Amino acid sequence: MFAIADCNNFYASCERVFQPHLNGKPVVVLSNNDGCVIARSNEAKTLGIKMGAPYFKIEKYAKQEGVAVFSSNYALYGDMSQRVMHVLSRYAPNVEVYSIDECFLDFSGMPYNLTDYCLDICTIVKQCTGIPISIGIAPTKTLAKLANRLAKKGCSPSGPVLDWRTLPSAETVLESVPLDDLWGISRRWSEKLNTIGIHNALALRDSNPKEMRQHFGVVMERIVMELRGISCIPLEEMPPAKKQILTSRSFGEKLTVFDDLRSAVTHFAARAAEKLRRQNLATQALTVFIQTSPFDSSRPQYSNSATTEFDIPTNDSAQLINSAHHGLQRIFRKGFSYQRAGVLLPDLLPASVVQATLFDSANNLDRSEQLMAALDTINRRHGKKSIRYASEIISNKWHMRQQFKSPSYTTNWRELLTIQI
DNA sequence: TCTGGGGTCCTAGGACCC
DNA sequence: TCTGGGGTCCTAGGACCC
């Protein structure tokens, strides 16, 4: 048995915890660079504001309807997520943190009435964190996700909790579920399924799994089996080591000058290096890429990338920044308005297995390791920006727009919530 | 003016091995 | 007359997730 606990409108709910006057009011949270809508309270959904809508297109309407608008505040959401996961992990022997706002719980062999048990969990998570959650329970992950979705839509007699096994008729329910409501099926596959006469979740469940495998591959075959209640996707307790790390951003304004781009790319390389070290990994290569805006058809488009490979896998910021600069020099072309850039570390392995080449002194590796450890310690203790590479701060033109960002209430002493009595 | 960021898995096809 | 069989590794592209 699996359960999936999913935070309701997570980012919007995080903002409301610290501004409770927004309860019952429409709230939206925007993507980085205040680009498009990525989270909506139920009231905002009711107003017809769509997921992914570009903010500049709904700005006027949002103001008119009194919608509270926020920039993304990942420091806050990440910390609130940890709190929710911490509470949830007390209620199952094994859990899998699936995303920032979702957690699978292993309920195999649990003898209780799981609906009542989960209703308690919902109450306690709300008490401890302020975040409302919904829980779906079923014999497979795919059905648990579906049960969760149905609970969120208000289809459960037990409010925020739905145990798939308590449904009077699974067939009736499945017949009413559109294909792209299923976990693992998006618009493209849904359309392709339509062309072969499959129009709802029941028809998919009753299709021939081997045929589905031929048409779509093993992933679709698994979905069919999971809809039948045969579990094919196990709980993953230990998150597997990362295979690649990407740091990229859209810019607050379009960039045309090399030095502005170079500052941005320095920042991305430094951030990627930090991520690498935090996970005790090293990379065998670095790819830097730049691109113009695909939406701007009036101006010439250009995008390109450059990859450097390292003789010895590294997680040294200076080395990564250096190769990012060289890559950028190779691909930068004058005369374009760049909208976005990024640094990708595509080929990772554990830092512990890194070997010096025959002609390299182990000394250099030690020195780099000590320097990076000092850098990370200082930045952790005194704030992220305490020590940076000079080329990162030469320009700030690339900084993203964050017009509506709330304070980092839970992670920064200077931004604690203040209360007036 | 203005449209996010960070990932994974699977498959097909080519290169190469013995 | 007419050219095997079995395998691995790598990459690009397409699909998906949140």
Side-chain angles (χ1 to χ4, degrees), chain A residues 4-7 9-11 28-39 50-60 62 69-74 77-78 81 96-104 141-142 145 148-149 179-193 212-223 232-233 236 239-255 264 268 271-272 275-276 279 284-285 287 289 291-299 305 307 309 337 339-348 400-404:
Chain A
I4 181 140
D6 188 322
C7 302
N9 317 324
F10 182 53
Y11 298 167
V28 302
V29 179
L30 305 178
S31 63
N32 273 337
N33 220 28
D34 294 340
C36 39
V37 174
I38 55 167
K50 295 275 183 291
M51 190 70 168
Y55 177 60
F56 73 90
K57 286 190 183 170
I58 61 148
E59 182 176 1
K60 208 173 150 197
V69 176
F70 292 92
S71 302
S72 289
N73 182 349
Y74 287 104
Y77 311 149
S81 170
E96 172 188 344
V97 176
Y98 175 66
S99 73
I100 194 164
D101 67 337
E102 287 171 87
C103 183
F104 283 106
K141 281 182 164 182
T142 304
K145 288 277 284 187
N148 185 294
R149 192 169 191 124
L179 289 165
D180 51 11
D181 272 6
L182 294 171
W183 189 40
I185 297 188
S186 191
R187 209 193 65 229
R188 277 199 185 80
W189 271 10
S190 165
E191 284 165 2
K192 196 174 164 196
L193 283 164
M212 288 300 116
R213 186 180 185 133
Q214 276 170 4
H215 284 301
F216 298 89
V218 68
V219 176
M220 187 69 85
E221 185 187 24
R222 272 189 214 130
I223 293 173
C232 307
I233 308 170
E236 276 184 28
K242 286 267 180 289
K243 295 178 175 174
Q244 59 174 48
I245 284 173
L246 174 68
T247 304
S248 76
R249 291 281 178 282
S250 296
F251 308 129
E253 53 184 296
K254 304 271 191 292
L255 301 184
F268 301 147
R271 291 284 303 140
K275 293 184 198 172
L276 211 48
Q279 298 173 56
Q284 311 187 74
T287 301
F289 63 88
Q291 54 188 237
T292 54
S293 170
F295 296 102
D296 191 352
S297 50
S298 65
R299 275 188 287 197
S305 68
T307 299
E309 291 184 9
S337 297
Q339 183 238 5
R340 182 168 173 254
V343 164
L344 174 69
L345 309 177
D347 224 348
L348 311 183
M400 61 185 178
R401 283 188 301 272
Q402 280 193 314
Q403 216 186 321
F404 317 107

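In what follows, every chain begins at residue 1, and chains take the letters A, B, ... in the order their sequences are listed. Model, not experiment: these values are computed from the prediction.
Residue contacts shown for A:Tyr55 are absent, as no nucleic acid heavy atom lies under 4.0 Å away. Contact annotation for A:Lys145: backbone-only contact, meaning every heavy-atom pair under 4.0 Å involves sugar-phosphate atoms and none involves a base. Heavy atoms of A:Glu102 sit under 4.0 angstrom from primed sugar atoms or phosphate atoms, though from no base atom. Residue A:Thr247 is classed as a sugar-phosphate contact, given heavy-atom separations below 4.0 Å to backbone atoms only. Residue A:Ile100 is classed as having no contact, given no heavy-atom separation below 4.0 Å to the nucleic acid.
When distances are taken from the side chain of A:Asn32 to each of B:dC10, B:dG5, C:dC18, the shortest belongs to B:dG5. Residue A:Val218 has its side chain nearest to B:dT11 when only B:dG4, B:dT3, B:dT11 are considered. Relative to the side chain of A:Trp183, the nucleotides B:dG5, B:dG7, C:dC17 differ in distance, and C:dC17 lies closest. Of the candidates C:dC18, B:dT8, B:dT3, the closest approach to any side-chain atom of A:Gln339 belongs to B:dT3. Listed nucleotides C:dC18, B:dC2, B:dG6 differ in distance to A:Phe56; the shortest reach to its side chain belongs to B:dC2. Taking the side chain of A:Lys242 as heavy atoms from C-beta on, and the options B:dT3, B:dG5, B:dT8, the nearest nucleotide is B:dT8. Taking the side chain of A:Arg249 as heavy atoms from C-beta on, and the options C:dC18, B:dT3, B:dG5, the nearest nucleotide is B:dG5. If you check B:dC2, C:dC16, B:dG7 against the side chain of A:Arg188, the one that comes closest is C:dC16. In this structure, the nucleotide among B:dG4, B:dC10, B:dC2 sitting nearest to the side chain of A:Arg222 is B:dC10. When the nucleotides B:dC2, C:dC18, B:dG6 are ranked by their closest atom to the side chain of A:Ser99, C:dC18 comes out on top.
By the 4.0 Å N-to-carboxylate-O rule, A:Lys141 lies too far from A:Glu236 to be salt-bridged with it. Under 4.0 Å is where a charged nitrogen must lie from a carboxylate oxygen, and between A:Glu102 and A:Lys145 at least one such pair does.
Both A:Ile245 and A:Phe216 lie near DNA chain B, and the one whose nearest nucleotide falls closer to the 5' end is A:Ile245. Where A:Leu344 and A:Phe251 each meet DNA chain B at their nearest nucleotide, the meeting point lying more 5' is that of A:Phe251.
Residue A:Phe289 contributes atom CZ, which lies 9 Å from atom P of B:dG5 at whole-angstrom precision. Here B:dG4 presents its P atom at 8 Å from CZ of A:Arg340, a figure rounded to the nearest Å. Distance A:Gln403 CD to B:dG4 C1': 17 Å, rounded to the nearest Å. Remark: P of C:dC17 and CG of A:Asp101 are 14 Å apart, rounded to the nearest angstrom. A:Asp181 has its CG atom 14 Å from the P atom of C:dC16, to the nearest Å. Separating the CE atom of A:Met51 from the P atom of C:dC17 is a distance of 13 Å, rounded to the nearest angstrom. Put simply, CG on A:Asp34 is 14 Å from P on B:dC2, counting in whole angstrom units. Taking atom CZ of residue A:Arg187 and atom C1' of nucleotide C:dC17, one finds them 16 Å apart after rounding to whole Å.
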> Are A:Asp296 and A:Ser298 close enough, and set up right, to give a side-chain hydrogen bond (donor to acceptor under 3.5 Å, both in side chains), and what steps lead you there?
Replying inline: CA-CA 6 Å; A:Asp296 191 352; A:Ser298 65; 2.8 Å; yes

> Checking side-chain hydrogen bond (donor to acceptor under 3.5 Å, both in side chains) for the pair A:Ser248/A:Arg340: CA distance, chi angles, key distance, verdict?
Replying inline: CA-CA 7 Å; A:Ser248 76; A:Arg340 182 168 173 254; 3.0 Å; yes

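Proximity of A:Ser186 to the phosphate of C:dC17: a side-chain N or O atom is located under 4.0 Å from OP1 or OP2. The side chain of A:Ser72 contributes no N or O atom lying less than 4.0 Å from OP1 or OP2 of B:dG5.
Within 6.0 Å of CD in A:Glu191 there are more than 12 heavy atoms belonging to other residues, nucleotides or ligands.
The two residues A:Phe289 and A:Ser305 come nearest to each other via the heavy atoms CB-CB, 3.7 Å.
In this structure, A:Ile185 CD1 and A:Lys192 NZ are separated by 12.0 Å, a value rounded to the nearest 0.5 Å.
In this structure B:dT11 sits in a base pair with C:dA12, meeting the Watson-Crick or G-U test at under 3.5 Å.
Here the separation of C:dC18 from B:dT3, taken at their P atoms, is 25 Å to the nearest Å.
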